[in-house]
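Note sheet for the following structure.
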Amino acid sequence: MKALRIHGMRDVRVDTVDDPKLLDPRDAIIRVTSTAICGSDLHIYNGSIPQPRPMVLGHEFMGIVEEVGKGVGNLKRGDRVVVPFPIACGHCLFCNHELPGHCENSNPEHYGPEGGLMTEKGGALFGYTDLYGGYDGGQAEYARVPYADFGPRKVPDNLTDEQVLFLTDIFPTGYSGIDWANVKGGEVVAIFGAGPVGIMAAKSAWLRGASRVIIVDTQAYRLDLAAKAANAEGILWETHDQVVDEIRSKSRGYGADVVVEAVGFEPDRNLLDRAKAIINVEKGSDKVLLACLSAVRRGGYVSVLGVYSSPFDNFPIHQFFDKGLTIQGGQAPAHKHIDKLLKHVSDGDVRLDDIISHRLPLSQAPHGYDIFRNKKDNCTKVVLKPGA
């Protein structure tokens with residue numbers, strides 16, 4: 001089959017590789033009909049999260065069931081499914097507590113309680129390095145899906161791929177940022193990052209009854225899309241202080257009730273930011289998270305959806321303590337939310353496909369990575385079609 005593999009920093013290629021096979025009675029083989037490039041994939045592409053051997057990338061995919069193992073009784077050949085991005089067994093301590101990203105059985109070689117830099121990581125993820133299980137992902141013509149009796153969800157025939165594809169990751173992830181903050185209605189929500197996850201968080205904030213949704217980004221075209229697709233008020237990032245002041249001015253001087261960090265450790269950076277990282281021996285920057293801590297009101301909530309893979313010096317723990325903040329982050333529990341979010345899509349409460357800027361055949365996936373990483377051609381979200 002054809003599959004997009006990482007070969008080194010900013011080196012991805014569409015290779016011919018062996019078709020996947022059933023390796024366990026709970027496996028299924030999926031013929032991929034749609035898959036997408038995620039901002040998290042860029043961390044591997046940039047070399048910020050290392051992957052020494054070639055590996056099929058991609059954790060946002062869906063398709064048609066081609067084959068199932070003897071232990072999979074809920075799926076059959078021909079079923080059309082979306083696949084949540086964490087690989088989870090469904091019966092361990094963490095799966096039973098609706099924490100599939102912490103599954104203790106899916107990542108046996110690198111799992112542990114510590115959550116270290118290179119050791120004792122969380123549960124497995126599709127196409128997300130050997131540290132997270134070493135499973136090939138879905139940017140390919142076919143994919144093996146472990147624990148297929150727990151993860152994949154059947155989707156109605158009346159919904160197109162693009163209407164449901166983002167149930168795999170970015171919609172549950174954006175929704176988790178709002179759910180973690182216990183949004184009940186009437187809150188002012190500020191979101192840093194007008195990429196796909198940030199826009200999904202904005203859509204989710206409205207679903208949960210927010211009174212005002214503000215979104216921050218460095219790119220005007222992304223703010224334009226956030227306004228159109230999610231009815232969010234845009235703030236163009238110029239400086240930390242300017243952004244914080246604008247958010248406070250829109251929230252009676254207090255700061256937002258909820259702030260969602262949807263950027264991570266690789267934000268747009270100037271030379272001063274890069275020099276600071278070198279001096280402190282840091283990977284990337286925590287500048288966006290620091291802005292979130294300032295922009296949230298006292299007693300408020302900060303949800304961290306962006307990836308952070310290394311420590312940072314001078315983290316303002318004093319600010320967290322003095323303001324009495326609640327901070328939560330990590331891999332989103334996609335399995336927990338996917339069914340209710342599918343119903344929201346089916347009922348017409350929310351639209352997901354309006355963020356797609358580019359649709360490409362799998363053969364053009366390297367071009368897709370280039371334009372997505374470098375924000376060329378007003379790129380916001382790339383969907384790949386393996387069958388095209």
Side-chain angles (χ1 to χ4, degrees), residues 9-10 37-50 169-170 173-174 177 189-202 214-226 232 234-247 255-256 258-296 302-316 319-320 327 329-332 355 369-376 378-382:
M9 187 172 68
R10 296 174 200 160
I37 301 173
C38 181
S40 297
D41 294 327
L42 296 182
H43 300 313
I44 307 172
Y45 180 72
N46 289 333
S48 301
I49 298 179
D169 174 8
I170 59 172
T173 296
V189 177
I191 299 160
F192 282 74
V197 169
I199 292 177
M200 292 298 168
I214 304 160
I215 200 159
V216 179
D217 204 274
T218 61
Q219 303 293 319
Y221 81 89
R222 284 161 48 116
L223 293 175
D224 290 342
L225 179 60
I235 296 177
L236 186 67
W237 175 297
E238 296 175 2
T239 68
H240 170 113
D241 292 344
Q242 161 258 333
V243 166
V244 172
D245 286 346
E246 287 196 44
I247 290 173
V258 175
V259 175
V260 176
E261 203 283 22
V263 178
F265 74 106
E266 291 189 299
D268 291 342
R269 292 185 289 162
N270 59 31
L271 289 176
L272 184 61
D273 295 328
R274 294 179 186 278
K276 175 181 177 295
I278 293 171
I279 292 169
N280 290 341
V281 195
E282 294 171 347
K283 184 177 290 187
S285 171
D286 61 349
K287 61 183 287 185
V288 178
L289 181 54
L290 300 184
C292 292
L293 297 178
S294 292
V296 70
V302 175
S303 293
V304 184
L305 303 179
V307 172
Y308 284 87
S309 64
S310 61
F312 291 94
D313 281 343
N314 296 319
F315 182 81
Q319 189 179 29
F320 154 77
I327 304 176
Q331 302 293 350
I355 67 166
Y369 270 82
D370 176 56
I371 62 174
F372 188 40
R373 177 190 181 272
N374 294 301
K375 300 180 177 69
K376 297 178 181 178
N378 287 353
C379 184
T380 51
K381 189 66 174 179
V382 179

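These figures come from a predicted structure and were not determined experimentally. Residue numbers start at 1 and run along the sequence shown.
Here the shortest heavy-atom pairing between Asn374 and Asp370 reads ND2-OD1, 2.9 Å. Residues Cys379 and Ile371 share a closest heavy-atom pair of CB-O, 3.6 Å. The two residues Ile215 and Ala194 come nearest to each other via the heavy atoms CD1-CA, 3.7 Å. What you find for Gly174 and Leu305 is that their closest heavy atoms are CA-CD1, 4.0 Å. What you find for Trp237 and Gln242 is that their closest heavy atoms are C-OE1, 3.8 Å. The minimum heavy-atom distance linking Ser40 with Val307 is given by the pair OG-CG2, 3.9 Å.
In this structure, the side chains of Asp268 and Gln219 come closer than 4.5 Å at one or more pairs of heavy atoms. Within the 4.5 Å cutoff, the side chain of Cys38 has heavy atoms near those of the Lys381 side chain. Side-chain contact check for Val259 versus Ile247: every heavy-atom pair is 4.5 Å or farther apart. Using a 4.5 Å heavy-atom threshold, the side chains of Met200 and Ile355 count as touching.
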- request: Walk me through it: do Val288 and Val216 pass the test side-chain contact (heavy atoms from CB on, under 4.5 Å)?
  value: CA-CA 10 Å; Val288 178; Val216 179; over 6 Å; no
field: Steps toward side-chain contact (heavy atoms from CB on, under 4.5 Å) verdict (Phe192, Val302)
entry: CA-CA 11 Å; Phe192 282 74; Val302 175; over 6 Å; no
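Atom OG1 of residue Thr380 and atom CZ of residue Phe372 lie 8.0 Å apart, to the nearest 0.5 angstrom. Separation of atoms CG (Leu236) and CD (Glu246) is listed at 9.0 Å; rounding is to 0.5 Å. Between the CD1 atom of Ile199 and the CD1 atom of Ile191 there is a distance of 9.5 Å, given to the nearest 0.5 Å. Note that the CG atom of Asn378 and the CG atom of Leu225 stand 9.5 Å from one another [nearest 0.5 Å]. If you take CG on Asn46 and CE on Met9, they are separated by 8.0 Å, rounding to the nearest 0.5 Å. Going from atom CG of Leu289 over to atom CD1 of Ile327 covers 6.5 Å, rounded to the nearest 0.5 Å.
Shown here are the ring pair (Phe, Tyr, Trp, His ring centres under 6.0 Å) partners of Phe265, two or more places apart in sequence or in another chain: His43. Residues satisfying the ring pair (Phe, Tyr, Trp, His ring centres under 6.0 Å) criterion with Tyr45, sequence neighbours excluded, are Tyr369.
In summary, of the residues considered (Thr218, Ile235, Asp217), a side-chain contact (heavy atoms from CB on, under 4.5 Å) with Leu223 occurs for Asp217 alone.
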